[in-house]
Amino acid sequence: MALFDEHDLERLRTVPLLAGLEYHEEIGSTNDYAAWLAGEPDVALPHLVLAARQSAGRGRGGNSWWSGDGALTFSLILDAAALGIAPRRLPTVSLRTGLGVLRGLEPFLPRATWHVKWPNDVYLDHRKVCGILAEVPRPNRLVVGIGINVNNSFAAAPSDVRGRAVAMSQLAGQPLPLVEVLAAVLGSLAEMLVDGNGSYPPPQSHAPWLELWPQYCLLTGRKVEIEQGQRRYAGICEGIDADGALLLATPSGPQRLLSGVVASVQGVR
Ligand code: BTN
């Protein structure tokens, strides 16, 4: 059975953020396809590429992305200028996406513990529920790829994924309405990504992402280790700044990191 039917797609067409959408039962990677599509002149943006299954899903750092049936896997093609996102704010897009995803998902499990993990993961009860891969395939075009564990099982997943990941249905005790989860995430992404001074209308309730971040940040106040190429920084996280940089208090003084991989977080596996 198809993961989304025509009725679901009609529902998604009512989401104000989207100018267009397409659905694939199977695709290599929605990000790869969206990067190609972003070069086509007649595609109205924002455009959603949604897939039931990916045969070559990609994660950050050249890793592959595993997802089972019942997960949400999609990419959004965005025009940064139309959203009002200034070039120097582009590094904040993945952070804002994480926060947008979290705020869209939270109402489905309001009693659970929700965190954003800099730079771009969403955690549910201290396990990864969503990964984000933001890419710039050409000037002024963004592809934001999002994988969310909603109704999928991890029975067939590699053991490292099984140990670190969680699906929302595990906590809910039942499957969640996939199309409503996606619609909620897209609505909340509009609030986080539209800056309001581009050609796209500003959202009605503009949630200030930077003010929301501390409420959900997994790393703040914790001892963390961040890898940046060959370098490794260890210190206490003091939050982020408006450019999306992670602020660390290290034994040798403050550090401001614009990118990196979180190698360890005290108290979190
Ligand atoms: C990560 O945590 O490493 C990022 C994972 C991103 C996965 C999503 S699934 C939809 C989109 N298409 C891809 O190939 N990757 C992203």
Side-chain angles (χ1 to χ4, degrees), residues 3-4 12 18 21-38 46-78 91 93-102 104-105 114-124 126-137 141-152 154 156-158 160-168 178-179 181-182 185-186 189 193 218-219 226-228 244 246 259-265 268-269:
L3 202 56
F4 295 94
L12 292 174
L18 298 179
L21 69 85
E22 58 190 89
Y23 172 56
H24 301 255
E25 276 299 323
E26 175 138 7
I27 200 168
S29 152
T30 56
N31 262 42
D32 288 346
Y33 174 77
W36 169 78
L37 197 60
H47 184 90
L48 171 72
V49 179
L50 174 65
R53 239 159 280 109
Q54 296 185 118
S55 55
R58 291 192 291 113
R60 292 179 70 218
N63 295 319
S64 57
W65 176 257
W66 183 93
S67 58
D69 280 359
L72 278 174
T73 49
F74 60 99
S75 299
L76 282 167
I77 309 172
L78 304 170
V93 165
S94 56
L95 281 67
R96 294 151 74 161
T97 301
L99 206 46
V101 169
L102 184 158
L105 300 180
W114 290 92
H115 285 110
V116 277
K117 182 180 167 202
W118 180 93
N120 50 9
D121 291 334
V122 180
Y123 270 52
L124 167 59
H126 295 95
R127 280 179 292 166
K128 182 162 167 169
V129 70
C130 164
I132 293 158
L133 181 62
E135 298 179 306
V136 184
R141 287 289 177 274
L142 298 174
V143 169
V144 180
I146 301 175
I148 308 174
N149 299 315
V150 182
N151 293 332
N152 49 300
F154 295 100
D160 61 320
V161 174
R162 223 178 305 142
R164 284 185 299 115
V166 66
M168 293 173 74
L178 212 50
V179 71
V181 172
L182 178 55
V185 166
L186 293 170
L189 283 174
L193 290 176
L218 179 68
L219 307 187
I226 310 291
E227 279 173 5
Q228 226 183 37
L246 191 76
S259 64
V261 174
V262 180
S264 72
V265 186
V268 180
R269 65 181 135 156

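The first residue of the sequence shown is numbered 1, and numbering continues consecutively from there. Ligands are counted one by one from 1 in listed order, and the atoms in each one are counted from 1 as well.
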Among all the protein's non-hydrogen atoms, which is closest to [atom], and how far away is it?
atom                    : answer
atom 3 (O) of ligand 1  : R60 N, 2.7 Å
atom 9 (S) of ligand 1  : Q54 NE2, 3.4 Å
atom 5 (C) of ligand 1  : W65 CE3, 3.3 Å
atom 2 (O) of ligand 1  : K128 NZ, 2.6 Å
atom 10 (C) of ligand 1 : T30 OG1, 3.3 Å
atom 15 (N) of ligand 1 : R58 O, 2.7 Å

Check: [Y] and [X] side chains under 4.5 Å, non-hydrogen atoms:
X    : Y    : value
L72  : L178 : yes
L105 : L124 : no
F154 : N149 : yes

Self-check item: Numbered atoms and elements of ligand 1 in range of G59, under 4.0 angstrom, heavy atoms
Solution: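 Close to G59: 1 (C), 3 (O), 4 (C), 5 (C).
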Quiz item: Under 4.0 Å from ligand 1, counting heavy atoms only, is it the side chain of N120, its backbone, both or neither?
Solution: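 Neither part.
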Quiz item: Where's the contact between I146 and ligand 1, heavy-atom distance under 4.0 Å: side chain, backbone, both or neither?
Solution: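 Backbone only.
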Quiz item: So, is S29 polar-close to ligand 1, with some N/O to N/O distance under 3.5 Å?
Solution: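 Indeed, backbone or side chain, S29 has an N or O that close.
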Exercise. Kindly say whether A52 contributes a backbone atom to a donor-acceptor pair with the side chain of E25 at under 3.5 angstrom?
Key: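 No; judged by distance alone, with no hydrogens or angles, the pair does not exist.
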